[in-house]
Structure formats: structure tokens, C-alpha cells
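Beneath this line is the structure, given in C-alpha cells, with notes to follow.
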Amino acid sequence: MSVHHAITKHSTKQHEILRTFLQLDQLREMYIEEAVSLCKKGVSFSTDPINKVTTDINNLAKQGVVPQRKLVTVEMVQEYVSRQETN
């Protein structure tokens, strides 16, 4: 395998990891917004969908190309909503 081919293959793999990360991160943000919206309405919500995507992101991050994300708790969402309401 030529050096050029190896570099191209490596670059393509990193690009694919980044593309997947961006898709997952966008999905995670959508789930967070949904949880915040439900919390503001006083409706019961779960952070399970957020954390499923977060786990996928963190598994992808183990390859060293993208950052990890923190798992989210119900309390974190409630605290965020509470702070927004006081501002």
C-alpha cells in the first residue's frame, strides 16, 4: 500500500468518525431540547434517549478524533430549567 493510499484511507476514516459524531451530537441536542421543553411544562421526562446517544458518542470518542460528552441526569435538566426561569 502506498503512503498516499494509507493517508487517504486514514483521512477518510477520520472524516467518517467526525460526520457520525456531528449527527449524533445533533440528535443529542434535540433530545436535550425535548427534555427541557417537557420539564418546563411540568411533564415527566426521561434522560435515557440523551444518554443512549451520549454513550454512542463516547464510544466513538475512544478513537481519539472527537470529544466525549457527559451523561445527563433528570436533576441536571431540572436545574437548568430552574436557572433559566430565574433569569
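Note that these values count all heavy atoms, side chains included, but never hydrogens, waters or copies made by symmetry.
Once rounded to the nearest 0.5 Å, the distance linking CE of M30 with CD of Q26 reads 8.5 Å. The distance from atom NZ of K62 to atom CD1 of I17, rounded to the nearest 0.5 Å, is 13.5 Å. Between E34 atom CD and S46 atom OG the span is 10.0 Å, to the nearest 0.5 Å. Here the CG-CD1 distance, from L27 to I32, works out to 10.0 Å after rounding to the nearest 0.5 Å.
With no hydrogens or angles considered, a side-chain donor-acceptor pair links Q84 and K40 at under 3.5 Å.
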Problem set entry | L71/T55 under side chain to side chain contact (heavy atoms under 4.5 Å, CB included): CA gap, chis, key distance, verdict | CA-CA 8 Å; L71 295 176; T55 299; 4.1 Å; yes

For this session: Please lay out, stage by stage, how R28 and L24 fare under the test side chain to side chain contact (heavy atoms under 4.5 Å, CB included).
Result: CA-CA 6 Å; R28 181 178 185 268; L24 290 171; over 6 Å; no

For this session: Kindly indicate, with the supporting measurements, whether the criterion side chain to side chain contact (heavy atoms under 4.5 Å, CB included) is fulfilled by E75 and Y80.
Result: CA-CA 8 Å; E75 292 79 18; Y80 175 78; over 6 Å; no

Problem set entry | Trace of the side chain to side chain contact (heavy atoms under 4.5 Å, CB included) decision for Q14 with Q63 | CA-CA 9 Å; Q14 285 189 328; Q63 298 181 44; over 6 Å; no

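R69 pairs with exactly one of N58, D25, T54, N51 by the side-chain hydrogen bond (donor to acceptor under 3.5 Å, both in side chains) rule, that one being D25.
Classification of D56 and K52 as a salt-bridged pair holds, one side-chain N sitting under 4.0 Å from a carboxylate O. A salt bridge links R19 with E16: the closest approach of a Lys/Arg side-chain nitrogen to an acidic carboxylate oxygen falls below 4.0 angstrom.
V77 places a side-chain heavy atom less than 4.5 Å from the side chain of T47.
A continuous path of Ile, Leu, Val, Met, Phe, Trp and Tyr side chains, each step under 4.5 Å between heavy atoms, connects V43 with M76, placing both in one hydrophobic cluster.
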